[in-house]
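Inspection log for the structure reproduced underneath, given as structure tokens.
Nothing here was measured: the structure is a model prediction, and the numbers come from that model.
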There are 4 protein chains.
Amino acid sequence: MQLTLDPDSEVSIYQQIRDRIVEAIAKRQAREGDPLPSTRQLAADFGINFHTVNKAYDLLRQQGVIRINRKSGAVVRRDATTGPPEAAFVNDWEERMRVLLAEATVHGMDRQDVLRRCEALLISFEEGV
Amino acid sequence: MQLTLDPDSEVSIYQQIRDRIVEAIAKRQAREGDPLPSTRQLAADFGINFHTVNKAYDLLRQQGVIRINRKSGAVVRRDATTGPPEAAFVNDWEERMRVLLAEATVHGMDRQDVLRRCEALLISFEEGV
Amino acid sequence: MQLTLDPDSEVSIYQQIRDRIVEAIAKRQAREGDPLPSTRQLAADFGINFHTVNKAYDLLRQQGVIRINRKSGAVVRRDATTGPPEAAFVNDWEERMRVLLAEATVHGMDRQDVLRRCEALLISFEEGV
Amino acid sequence: MQLTLDPDSEVSIYQQIRDRIVEAIAKRQAREGDPLPSTRQLAADFGINFHTVNKAYDLLRQQGVIRINRKSGAVVRRDATTGPPEAAFVNDWEERMRVLLAEATVHGMDRQDVLRRCEALLISFEEGV
DNA sequence: GTGGTCTAGACCACT
DNA sequence: GTGGTCTAGACCACC
């Protein structure tokens, strides 16, 4: 799993770590039961504070994506094969999707264009790219 | 144009204002050339400070969605009919969409489910709902 | 003399009027002694308040570019042939030029490029374009 | 980096801060990667409110001159060595330059005089004065 | 300790 | 009456 961070992004570091890990699981580069790097390992790789990595992992844990064992560290708990989504997740997700789709519409992307791009992204996950 | 804000949301108030206005334009409840409420008016309606509305409007201006005219206030500048999207916008938008789609995939939404929901949201805009 | 204004510019209307008139005199489309349109005339042409035009004319008067007669209206008082610049003007002008040139430098325009563009603009005035 | 502000200037304070920083970068007193004072620090130095400095920094960020890193504060992102200017910048810059050159012409500065002064200013940047 | 957000209120510029 | 600027002070998020 190869992660790249942008320290100048307006997205906070811990959010970026979380986003990259979610993407890696979507691409099936990491699967249910697979271990994640230790927080100290990841922090050293990126030259950031390990509390920041901790925060990202804690967020993933709250969202049900990973579980954290004192012994074995962080492990993927949730991937595409685990089962159908929870209703609460879908509600929240649709709220965020509505905003993103509204933006696309306002900026002149038409319905087919948007759907084609979404499909292409989803297929790229399935192909693990 | 009827806007509602959630003061307890983790999304900042000025972002919410921006999101609601973008959605209203996507639903064609406001079109190119239509005036928006004055910053102080909107602030009074929501019971918030006018600087907060100011920041939302400034953000919309930077993104090319509205223009601000010293005499007549804020006016919609960009809607679905204005023209094709700029390349820079599409690049940024796809980055954000990738994260949102990765999340859906990890939580067990399959490709068709995701696309169906996106299409439903886009159609709801076209129907002005 | 053909003037075009942009009501959405961040430059105020009266400043735009002033800028356009100064440019017209630089291009020698209006010369020392030539009359300018009446404030009410110009206001009607642009669909703006005549006080705004008044303010632009007053600014030009303060800067010594025009003089205003109760009877004959506004008349060009200063053009390229009138004589050498005042020291106070040059000082102020250099301050503003310094900022503009610093901006060009920071954004990667090199000295020759800047000078070539300035010369081209000055020549375009001499040619009345 | 030594900055001085004029509270009586007709140029707003946050614009002056922006102008002084751009000039400092043009003179290579600050280079790509160099840190700028924190917003609150600079505000304290000038005896002004930190929001005002914030606005100046935000403007510089929008214009691509600095980047703002959540941990290390503001850092110079753009200087003369970074690369060629963007077309959009040059267009806007030429518009502003046209007005300034027209003013010089109307006030009796001739072409060679203007170019000599511009060259002198540019050379003063190269010498870091 | 850094920047970001929000509030409150005053004053000014523009039209 | 509109937006723009500046001040003052509080609280939070991030690292």
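- At least one side-chain heavy atom of B/Leu42 sits under 4.5 Å from a side-chain heavy atom of B/Tyr57.
- Counting atom types as modelled, B/Arg40 pairs a side-chain N or O with a base atom of F/dG4 as donor and acceptor under 3.5 Å.
- The nearest whole Å value for the distance from the CD1 atom in B/Ile68 to the P atom in F/dG1 is 20 Å.
- Two residues, C/Ile48 and D/Ala74, neighbour DNA chain E, and the one matched to the more 5' nucleotide by heavy-atom proximity is D/Ala74.
- Side-chain N/O atoms of D/Asp45 and D/Gln41 include a donor and acceptor closer than 3.5 Å.
- Side-chain N/O atoms of B/Asn69 include none lying less than 4.0 angstrom from OP1 or OP2 on F/dG3.
- Donor-acceptor pairing under 3.5 Å is lacking for the side chains of A/Asp6 and A/Ser9.
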D/Asp58/D/Gln62 under side chain to side chain donor-acceptor pair (under 3.5 Å): CA gap, chis, key distance, verdict: CA-CA 6 Å; D/Asp58 195 55; D/Gln62 281 173 44; 3.2 Å; yes
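- Residues A/Asn49 and B/Ser38 both approach DNA chain F. Their nearest nucleotides, taken by heavy-atom distance, put B/Ser38 toward the 5′ side.
- A donor N or O paired with an acceptor N or O is not found under 3.5 Å between the base of E/dG4 and the side-chain atoms of D/His51.
- Looking at B/Glu32, its side chain never comes within 3.5 Å of a backbone N or O of B/Thr81 through a donor-acceptor pair.
- Within 4.0 Å (heavy atoms only), D/Tyr57 reaches no atom of the nucleic acid at all.
- Summarising the geometry, the separation between CZ on B/Phe46 and C1' on E/dT7 is reported as 17 Å, rounded to the nearest angstrom.
- One atom, CG of D/Asn54, and another, C1' of E/dT2, lie 11 Å apart when rounded to the nearest Å.
- Contact between the side-chain N/O atoms of D/Thr52 and the OP1/OP2 oxygens of F/dC6 is not found at any separation under 4.0 Å.
- If you find the closest nucleotide of DNA chain E to D/Thr39 and to B/Gly47, the one lying nearer the 5' end belongs to D/Thr39.
- Rounded to whole Å, atom P of E/dC14 lies 13 Å from atom CG of C/Asp58.
- For the pair B/Ile13 CD1 and F/dC11 P, the interatomic distance rounds to 16 Å; values are reported in whole Å.
- Put simply, the side chain of A/Asn69 never gets that close to the backbone of A/Lys71: no donor and acceptor are under 3.5 Å apart.
- Distance D/Asp8 CG to F/dC6 C1': 15 Å, rounded to the nearest Å.
- For the pair B/Lys71 NZ and F/dG4 P, the computed distance is 16 Å after rounding to whole Å.
- Nucleotide E/dC14 has F/dG1 as its partner under the Watson-Crick or G-U criteria, with both atom distances under 3.5 Å.
- At least one side-chain nitrogen or oxygen of C/Tyr14 sits closer than 4.0 Å to the OP1 or OP2 atom of E/dC14.
- Residue D/Lys55 places no side-chain N or O under 4.0 Å from the OP1 or OP2 atom of F/dC6.
- OP1 or OP2 of E/dT2 has not a single side-chain nitrogen or oxygen of D/Arg70 nearer than 4.0 Å.
- With rounding to whole Å, B/Phe50 atom CZ is found 11 Å from E/dT7 atom C1'.
- Nucleotides of DNA chain F nearest to A/Val11 and D/Ser12 differ in position, and the one nearer the 5' end is that of D/Ser12.
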